[in-house]
Amino acid sequence: MTKFSDLNLDPKVLKAIEDAGYESPTPIQAGAIPPALLGQDVLGIAQTGTGKTASFTLPMITLLGKGRARARMPRSLVLCPTRELAAQVAENFDTYTKYHTKLTKALLIGGVSFKEQDRLIDKGVDVLIATPGRLLDHVERGKLLLTGVQVMVVDEADRMLDMGFIPDIERIFSLTPFTRQTLFFSATMAPEIERITNTFLSNPARIEVARQATSSENIEQVVMMFKASRKDREGTEKRKALRMLIDNEGEKCTNAIIFCNRKMDVDTVAKSLKKYGYDAAPIHGDLDQSQRTKTLDAFRDGSLRFLIASDVAARGLDVPAVSHVFNYDVPSHAEDYVHRIGRTGRAGRDGKAMMICVPRDEKNFDAIEKLIQKTVTRIDNPLAGKEDPAKDVQAVEAKPDHEEKPKRTRSRSRKSAPKEDVVVVVEAPAEAVEMKKEPAAPEVQKPAPKENRGRGGRGRGNDNKVVGLGDHLPGFIAMSFEERSEN
DNA sequence: AAAAAAG
């Protein structure tokens, strides 16, 4: 098997890789690093979670190791679709420039002050990591010249396309010298992406990560078919259903991302969970960047248990140990489902994805099953048979805010109360039996914060062996565009 | 139909 040490990387980069505890590159790394080091353009067709980031940061650091940056003229540029992803790439650079103390970088993202960014640009940076809007903002203010860019990376190009960034990307391409080296990554090759690569890449080495034979078997997937007793109670009852799903998982649910389709629902669900004593916080694009960063950091380091999120967190976010993903809403694009549940079961771990599906979402749900080519285990809504399911919901919700602390204990005690029996009735007998409420553990405590949450700690220190820098790739995600549209 | 990104 290939080792990093076979790849002609700068010894100082190799040392940093070793420190981070990695030996063997993932397929995308093994494929992309050699041509990148030779100065060739690279077209990488790979999803997040394949070790994609390091497949460009490692050769970039090696190439940039020689030479020095000039003021206002960065030598390389990485474009990312969201601020969080940009920040994640920046962290990746930090990890592997450990022994390149002279290499400088700047993170140019929106929502934060220009001041620090301007200062860094003026001093001269080797690596610029940016979201398109803020980057162009700097350019327009005459603070930044892209004529010195030797290496340009476009990450998550298909998501850029989804978000309408393609004109910006084209514009940024046109501001850089055409002699630059381009490393371009996309999960799929949509026609528009194909066009861009034909225009801006020259004779690229094309690396496509092998599709996994099976579809993310380490993620157990269930769906609760849910119908509110009355339309105006849907929100309340759905939130109750969510709490039941969470409580039923007990300690197996060490932490979770809960996805909603709308920002408003993200706020509502987060607020509701907090009220019920769950350790929860929201993240979406309307929140302050400082808030977003703080929340994500807390979730990463294990001090926040539930992250309630819009699709801003659906793709690419790398939190090594997320035990559960809850889809409070069925995503309206089947592909988003794949991205969302891909936040769990990472680095070879097991994960569980649970979704609530209301009647009007059934069409979207069908599309999801079609895409993943798999039947998702149904669980019934245990509230459905009740005479007045909303009654006890409202009784609790009407209560004043509860004390913060014994959330786990509380949910347990509620569960053990006869009135609140929340045994989940299971349709599919075989696999889903474990969904039934288990006898309460004698002593319930908050799950200990995980070790090895930090950078480079991915997949280490547990039983699961992880190869390379990357994580597990849910197999069906790697289907080509054509393959998917065939269905 | 909504989210994201520049304000």
Side-chain angles (χ1 to χ4, degrees), chain A residues 48 77-90 106-118 121 128-144 146 154-172 175 186-187 192 234-235 257-270 282-293 295-296 307-317 327-340 342-343 355 357-368:
Chain A
T48 57
L77 170 63
V78 181
L79 289 171
C80 304
T82 68
R83 299 168 187 173
E84 278 75 13
L85 287 177
Q88 209 166 271
V89 169
L107 178 62
L108 304 190
I109 59 174
V112 296
S113 138
F114 280 96
K115 210 174 151 195
E116 175 66 6
Q117 297 178 359
D118 282 341
I121 293 169
L128 213 53
I129 304 147
T131 46
R134 181 54 72 97
L135 180 82
L136 286 172
D137 211 335
H138 279 284
V139 171
E140 274 155 20
R141 295 178 335 132
K143 291 283 183 183
L144 182 61
L146 297 181
V154 180
D155 197 9
E156 305 261 325
D158 51 342
R159 187 159 188 213
M160 303 253 199
L161 174 69
D162 289 347
M163 291 168 65
F165 280 161
I166 294 300
D168 287 347
I169 299 302
E170 292 187 81
R171 176 143 174 250
I172 294 165
L175 294 168
S186 182
E192 182 70 356
E234 187 180 276
I257 305 180
I258 300 165
F259 284 105
C260 305
N261 287 358
R262 278 167 290 264
K263 290 182 273 199
M264 208 191 66
D265 290 326
V266 170
D267 287 331
T268 312
V269 171
I283 188 164
H284 61 68
D286 280 355
L287 297 171
D288 273 5
Q289 189 55 39
S290 62
Q291 190 65 38
R292 283 164 66 167
T293 307
T295 300
L296 194 58
L307 181 70
I308 327 301
S310 71
D311 278 321
V312 70
R315 297 203 202 186
L317 275 200
N327 277 300
Y328 179 80
D329 294 309
V330 176
S332 40
H333 287 310
E335 301 221 345
D336 288 339
Y337 176 78
V338 177
H339 292 296
R340 287 180 181 184
R343 297 313 98 209
M355 180 155 69
C357 177
V358 300
R360 100 181 84 85
D361 287 337
E362 275 166 24
K363 261 196 167 163
N364 289 328
F365 176 66
D366 291 343
I368 288 169

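Each chain gets a letter, A, B and so on, in the order the sequences are listed, and its residues count up from 1.
- Across all non-hydrogen atoms, the minimal contact from A:His284 to A:Ser310 is CB-OG, 3.4 Å.
- Between A:His339 and A:Asp311, the side chains place no donor N or O within less than 3.5 Å of an acceptor N or O (distance only, hydrogens not considered).
- Panel note: side chain A:Arg134, backbone A:Val112; a donor-acceptor pair is recorded below 3.5 Å.
- If you take CG of A:Asp286 and C1' of B:dA5, they are 12 Å apart, rounded to a whole angstrom.
- Distance CG (A:Asp336) to P (B:dA1): 16 Å, rounded to an integer number of Å.
- The side chain of A:His284 has B:dA4 as its nearest neighbour among B:dA5, B:dA4, B:dG7.
- Atoms CG (A:Asp288) and P (B:dA6) sit 14 Å apart, rounded to a whole Å.
- Here A:His333 lies in heavy-atom contact (under 4.0 Å) with a base.
- Note that CZ of A:Arg262 and CG of A:Asp267 are 13.0 Å apart. Values are rounded to the nearest 0.5 Å.
- Using a 4.0 Å cut-off, some side-chain N or O of A:Arg134 falls inside it from OP1 or OP2 of B:dG7.
- Side-chain N/O atoms of A:Arg292 include one lying less than 4.0 angstrom from OP1 or OP2 on B:dA5.
- Side-chain proximity of A:Ser332 to the nucleotides B:dA5, B:dA1, B:dA3 is greatest for B:dA1.
- Nucleic acid contact class of A:Gly111 (heavy atoms, under 4.0 Å, all strands): sugar-phosphate only.
- Rounded to a whole Å, the CD1 atom of A:Ile172 is 12 Å from the C1' atom of B:dA6.
- Within 4.0 Å of A:Arg83, counting heavy atoms only, lie sugar-phosphate atoms of the nucleic acid but no base atom.
- If you check every strand for non-hydrogen atoms under 4.0 Å, A:Ser310 touches sugar and phosphate atoms only.
- At whole-Å resolution of the value, CG in A:Asp311 and C1' in B:dA2 are 8 Å apart.
- Straight-line distance from the CG atom of A:Leu85 to the P atom of B:dA5: 9 Å, rounded to whole Å.
- Interatomic distance, A:Asn364 CG to A:Ser332 OG, rounded to the nearest 0.5 Å: 5.5 Å.
- Atom CG in A:Asp267 sits roughly 14 Å away from atom C1' in B:dA3 (whole-Å rounding).
- Closest approach to the A:Phe165 side chain among B:dA5, B:dA3, B:dG7 is made by B:dA5 (side chain taken as heavy atoms from C-beta onward).
- Contacts of A:Arg141 with the nucleic acid, taken as non-hydrogen atoms under 4.0 Å apart, are absent.
- Remark: P of B:dA3 and CD of A:Glu84 are 15 Å apart, rounded to the nearest angstrom.
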